[in-house]
Amino acid sequence: MSEPLFNKIALVGIGLIGSSLARVIRREHLAGHLAISTRSEATLKRAEELGLGDGYTTDAQQAVRDADLVIVSVPVGSSGQVAQEIAPSLKRGAILTDVGSTKGSVIAQMQPHVPPGVHFIPGHPLAGTEKSGPDAGFAELFENRWCIFTPLPDTDPAALEKLSEFWRRCGSNIDTMDPQHHDMTLAIVSHLPHIIAYNIVGTADDLESVTKSEVIKYSASGFRDFTRLAASDPTMWRDVCLHNKDAILEMLARFSEDLASLQRAIRWGDGEKLFDLFTRTRAVRRSIIEAGQDIDAPDFGRQAVEHPGGSRQ
Ligand code: NAP
């Protein structure tokens with residue numbers, strides 16, 4: 001067997017993303033030793049039952065000691081507190097990264113705690129499902145998905161290359177961009193769609209003229225597609241909304257303007273405008289399929305794939 005990429009990897013947080021990483025690290029033999037830490041005894045016990053690592057602890061400091069790569073996979077609102085906790089135990093020369101869905105806020109929270117000599121490289125794999133916890137993860141999650149790095153001005157190119165190699169071996173394609181651009185891009189491709197989904201499902205849940213059982217019964221007409229996004233982890237998405245506030249508010253303002261224009265077209269019977277928009281949006285769907293970011297099967301076709309669920313940040 002070839003040499004592992006890192007002698008020791010520590011995973012702090014072992015939910016959907018952390019446990020998917022653990023599984024692919026094992027499969028690809030990327031670590032000589034894989035240390036797992038999580039906040040609660042219950043999650044740690046489950047990770048151990050699933051055999052996700054080589055060592056298990058609720059003490060994050062202990063997990064990161066001597067690690068060459070430390071990956072923080074916790075809700076973005078907790079990343080500062082985790083960085084503060086592990087900072088004194090980080091090894092000089094280690095790479096510290098995260099997987100958080102927002103980048104500006106994570107950098108602001110974590111960077112002040114990073115000791116000199118530790119390479120902090122913020123990252124975000126654009127891969128996920130609506131499930132959470134260590135049972136939800138799977139090794140193929142990152143395959144053919146993008147992992148975006150938002151390196152800091154003084155990031156060591158050798159450390160960045162080593163981390164890129166790690167993610168490539170997890171199956172991902174790599175991109176780099178500045179944190180503000182990441183947060184604006186993700187606001188439209190991920191955060192807004194989730195907020196729209198939470199909103200429409202909330203609206204349906206509040207309706208009085210249509211019963212809940214009718215909404216469920218006839219959901220395959222379109223509503224069902226929103227419920228997958230709206231079933232996403234409440235803690236994670238509360239934190240995303242609070243920690244990418246400016247970009248999300250800007251996208252919501254544009255969205256509301258466009259919605260008002262659509263509303264006017266419907267009210268005035270402007271069929272041409274509706275037809276033009278719906279034609280344009282159909283082409284976007286085609287481009288996504290051509291880029292290999294979804295399959296060209298009807299919605300129910302998803303059940304045929306081994307790990308149903310979409311990719312998101
Ligand atoms: P998850 O399945 O809910 O797992 C969360 C993990 O973080 C658990 O180990 C949990 O520990 C730990 N945790 C929760 N609150 C904590 C706190 N206050 N302090 C320390 N640890 C805490 O979450 P996930 O889906 O893997 O998401 C993890 C990160 O990945 C988030 O930053 C999210 O933005 C990002 N991300 C998610 C997706 C996605 O689709 N889910 C995609 C890309 C990136 P216990 O269970 O022991 O409490």
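Here the structure is a predicted model, which means the values were calculated and not measured. Counting starts at 1 for both ligands and their atoms, in listed order.
- Only the backbone of T129 comes within 4.0 Å of ligand 1, counting heavy atoms alone; no side-chain atom from C-beta on gets that close.
- Using a 4.0 Å cut-off between heavy atoms, S78 contacts ligand 1 through its side chain alone, with no backbone atom that close.
- An N or O contact shorter than 3.5 Å is missing between G128 and ligand 1 by distance.
- Within ligand 1, counting atoms from 1 as listed, the ones closer than 4.0 Å to a heavy atom of V99 are 29 (C), 30 (O), 35 (C), 36 (N), 44 (C).
- For E143, the salt bridge (charged side-chain N to carboxylate O under 4.0 Å, His left out) partners at least two apart in sequence or on another chain are R27.
- Relative to atom 41 (N) of ligand 1, the option among L16, L11, V240 with the closest non-hydrogen atom is L16.
- Between E161 and R168 a salt bridge is recorded (basic side-chain N to carboxylate O distance below 4.0 Å).
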Trace of the side chain to side chain contact (heavy atoms under 4.5 Å, CB included) decision for L186 with H124: CA-CA 10 Å; L186 268 291; H124 178 201; 3.7 Å; yes
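- Interatomic distance, NE2 of H243 versus CD1 of I248, reported as 10.5 Å (0.5 Å rounding).
- The contact set between ligand 1 and V76, taken as ligand atoms under 4.0 Å from a residue heavy atom, comprises 32 (O).
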Worked verdict on L96 versus H119 for side chain to side chain contact (heavy atoms under 4.5 Å, CB included): CA-CA 6 Å; L96 169 65; H119 304 292; over 6 Å; no
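- Partner of N244 under the side-chain hydrogen bond (donor to acceptor under 3.5 Å, both in side chains) criterion, chosen from H191, K103, H182: H191.
- Within the 4.0 Å heavy-atom criterion, the part of H124 lying near ligand 1 is the side chain and not the backbone.
- For atom 33 (C) of ligand 1, the choice among C147, S101, P75 with the nearest heavy atom turns out to be S101.
- Heavy atoms from both the backbone and the side chain of R39 come within less than 4.0 Å of ligand 1.
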S132 and D233: CA distance, side-chain angles, deciding distance, side chain to side chain donor-acceptor pair (under 3.5 Å) verdict: CA-CA 7 Å; S132 40; D233 189 72; 3.2 Å; yes
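- Remark: F166 pairs with no residue by the ring-ring contact (aromatic ring centres under 6.0 Å, His included) rule, at least two apart or across chains.
- Shown in contact with S132 at under 4.0 Å from a heavy atom are these atoms of ligand 1, numbered in order with element: 1 (P), 2 (O), 3 (O).
- At least one N or O atom of I14 sits closer than 3.5 Å to an N or O atom of ligand 1.
- M251 and I200 end up in the same hydrophobic cluster when Ile, Leu, Val, Met, Phe, Trp and Tyr side chains are linked at under 4.5 Å.
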Side chain to side chain contact (heavy atoms under 4.5 Å, CB included) assessment of Y218 paired with F223: CA-CA 8 Å; Y218 303 125; F223 182 73; over 6 Å; no
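- Within the listing of ligand 1, atoms 6 (C), 7 (O), 28 (C) sit less than 4.0 angstrom from a heavy atom of S73.
- Listed by atom number, the atoms of ligand 1 under 4.0 Å from G100 heavy atoms are 32 (O).
- Both tests pass for K162 against the ring of F6: distance under 6.0 Å to the centre and angle within 45° of the axis.
- Selection from S190, S20, A127, G77 by nearest heavy atom to atom 42 (C) of ligand 1 gives A127.
- The side chain of T43, and not its backbone, has at least one atom closer than 4.0 Å to an atom of ligand 1 (non-hydrogen atoms only; side chain from C-beta on).
- In summary, the atoms of ligand 1 found under 4.0 Å from a heavy atom of G13, numbered by their order in the structure, are 9 (O).
- At under 3.5 Å, not a single nitrogen or oxygen of P125, backbone or side chain, sits near a nitrogen or oxygen of ligand 1.
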